[in-house]
Protein chains: 2
Amino acid sequence: MIDVESLKKLALLGAMHRPVKSSSNEFAEYLSTSPQTAARRLQALEKEALISRKIVPSGQWIIITKNGTRELQEEYLEYQNIFSREREERLLIGSVITGLGEGQYYTALDGYKTQFRERLGFEPFPGTLNIKLDNQSLEVRKKMVGGIKIKGFAAQNRTFGGGKCFNAKIQEIGGAVILPDRTHYPEDIIEVIAPVNLREHLSLRDGSEVQIELC
Amino acid sequence: MIDVESLKKLALLGAMHRPVKSSSNEFAEYLSTSPQTAARRLQALEKEALISRKIVPSGQWIIITKNGTRELQEEYLEYQNIFSREREERLLIGSVITGLGEGQYYTALDGYKTQFRERLGFEPFPGTLNIKLDNQSLEVRKKMVGGIKIKGFAAQNRTFGGGKCFNAKIQEIGGAVILPDRTHYPEDIIEVIAPVNLREHLSLRDGSEVQIELC
DNA sequence: ATTACTAAAAGACGAGTAA
DNA sequence: TTTACTCGTCTTTTAGTAA
């Protein structure tokens, strides 16, 4: 485990851009710890090539290396991911189409139903709403990562594949986008489930435009 | 020390916006650690009111609380400070006001004076310059994180609180902004110290506009 | 399958010491 | 003053167990 805490403190002191002068005693106060611990942490960071030091009689000059900067940038990226999820990057827009009719069969299977109930918090209405995404939303869809994993299983002498779910709101109705690991559909078609019959509830027909907000 | 690592991982799973389902086993894989450690960390986060959990037979539903979100935001702010230090984001603009007159007393106390000398590199003129920030600068002030810690202490049968300092230049004069941990002032009022009498030196009166550049 | 507890092993911490 | 050791202590981790 790398000591990102100490590295971050050094960066806040400006050590990413120029060498900063400090001593273990001084740095210990920044970290609210003992000089020994501060010294050991600096040694460790140096050993991992995250900082580079020059020891002088009155302390040490410290600068963060390329490696260290990269480490901090990755950390920063994670926080950006957490906090700056622009609405446009969470919005899927498309039009309702009629699918292959498989959704009704699959969503009714206990193997899936129990997982949906457990992991999404609702039991889906049997059937999926198929949406053909517009070009811009296709890009959003391609960037969808993580999600809630649904496991495959075996039943009735065949296997049923797994997939990923993403909590979403379909015109204010709480539901989920499901992305099967294997599917017959092209990439610009997604399937949506919800606790209610979306077609009826939202008076949708083929061609109706819908907005789905990932959350 | 709060376990920001685990909290961040939960946020990346989306637990800031809705409850996410996980188990200690599953979460352990995210953290690359053992299920016991994962479970203990979740317990600790719950104890500190950073997350809230609901244990179910198949795992647990986890959501990050207001407290937890605040904690992550502060962490994020630090990284923003590291990577985007635009001049506008380091500039505090406001007007001189007359404070409660406490500054003169506090800055003269040995308990603070020695810390200022050691950690800031100068001994402050007794007295603080109080600045009422404009709206834009208030946003800058809210994002000020880290800083140089000044410890509280006990003397004369009472306690004196700690705070944080930020090196700054007040119209080319080297000084510091001090943010006490506890203060009677509202958030848009800051106190500035310097080795000289700023009011005299810069010919300031109440209402004079000053620019303070954090550095 | 879970969570939570216990106890041994591993690791981090900080006082003391030397250079 | 420094940094960098050693060594005893304390904390954290993890395997094992119970519910």
Side-chain angles (χ1 to χ4, degrees), chain A residues 1-10 13 15 19-48 50-63 110-121 148-155 162, chain B residues 1-10 13 15 19-48 50-63 114-115 117-119 121 151:
Chain A
M1 206 70 239
I2 89 143
D3 179 12
V4 64
E5 186 63 31
S6 303
L7 195 59
K8 191 185 65 182
K9 271 284 168 4
L10 287 169
L13 292 172
V20 293
K21 176 81 180 299
S22 191
S23 71
S24 297
N25 267 297
E26 203 179 315
F27 193 54
E29 295 191 25
Y30 283 115
L31 296 178
S32 314
T33 183
S34 69
Q36 291 92 333
T37 296
R40 195 159 8 80
R41 294 216 183 150
L42 290 173
Q43 285 171 44
L45 288 176
E46 186 183 34
K47 206 168 182 178
E48 295 179 278
L50 300 170
I51 65 170
S52 136
R53 304 190 290 165
K54 189 172 188 178
I55 314 269
V56 292
S58 65
Q60 40 196 309
W61 286 96
I62 306 163
I63 189 165
D110 272 347
Y112 289 127
K113 225 163 54 174
T114 52
Q115 289 192 75
F116 287 141
R117 199 187 321 115
E118 288 254 331
R119 319 233 27 212
L120 297 177
I148 296 160
K149 186 156 195 169
I150 297 295
K151 288 177 191 163
F153 57 95
Chain B
M1 204 71 238
I2 91 143
D3 180 13
V4 63
E5 186 63 32
S6 303
L7 196 60
K8 189 185 68 184
K9 273 283 166 5
L10 287 170
L13 292 172
V20 295
K21 176 79 182 300
S22 190
S23 72
S24 295
N25 267 297
E26 202 179 315
F27 193 55
E29 293 190 26
Y30 284 113
L31 295 178
S32 313
T33 184
S34 68
Q36 291 90 334
T37 295
R40 193 167 12 80
R41 294 214 182 152
L42 290 173
Q43 283 170 45
L45 288 176
E46 186 183 35
K47 207 169 181 179
E48 295 178 278
L50 300 170
I51 65 169
S52 135
R53 310 189 286 165
K54 189 172 188 178
I55 313 269
V56 292
S58 65
Q60 42 196 306
W61 286 96
I62 305 163
I63 189 164
T114 53
Q115 288 192 75
R117 199 187 321 115
E118 292 228 338
R119 318 234 26 212
K151 288 179 191 162

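Computed from a predicted model, the values in this text were never measured in an experiment. Sequence lines set the chain letters: A, B, ... in the order given, protein chains first and strands last, and positions in each chain run from 1.
Remark: C1' of C:dC13 and CG of A:Asp3 are 13 Å apart, rounded to the nearest angstrom.
Checking each of A:Lys21, A:Glu46, A:Glu26, A:Arg53 against A:Gln60 for a side chain to side chain donor-acceptor pair (under 3.5 Å) leaves exactly one that passes, namely A:Arg53.
In this structure, CG on B:Leu45 lies 6.5 Å from CG on B:Leu10, to the nearest 0.5 angstrom. Taken to the nearest 0.5 Å, the OG atom of B:Ser22 stands 10.5 Å off from the CD1 atom of A:Ile148. Annotation: the span from A:Leu50 atom CG to A:Leu7 atom CG amounts to 5.5 Å, rounded to 0.5 Å. Taken from NZ in A:Lys8 to CG in A:Leu13, the straight-line distance is 12.0 Å, to the nearest 0.5 Å.
Residues B:Leu31 and B:Ser6 meet the side-chain proximity criterion, which asks for heavy atoms closer than 4.5 Å.
Judged as a ring pair (Phe, Tyr, Trp, His ring centres under 6.0 Å), and not counting sequence neighbours, the contacts of A:Phe153 are A:Tyr112, A:Phe160. For A:Glu48, there are no salt bridge (Lys or Arg N to Asp or Glu O under 4.0 Å) partners, not counting sequence neighbours.
Counting only distance, with no hydrogens or angles, the side chain of A:Thr114 and the backbone of A:Asp110 share a donor-acceptor pair below 3.5 Å.
Dashed line: the shortest gap from a side-chain N or O of A:Thr37 to OP1 or OP2 of C:dG14 is under 4.0 Å.
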Protein heavy-atom contacts under 4.0 Å, written 5' to 3' over nucleotides 4-12 of chain D as B (base), S (sugar-phosphate only) or - (none), form the string S--------
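Residues from residues 19-34 of chain A lying near DNA chain C, meaning a heavy-atom separation below 4.0 Å, are A:Thr33, A:Ser34 in numerical order.
Consecutive Watson-Crick or G-U pairing (both distances under 3.5 Å) extending over three or more pairs maps onto DNA chain D as C:2-19 with D:2-19.
Residue pairs that meet the salt bridge (charged side-chain N to carboxylate O under 4.0 Å, His left out) test with at least one member in residues 29-43 of chain A, sequence neighbours left out, are A:Asp3-A:Arg41, A:Glu29-B:Arg119.
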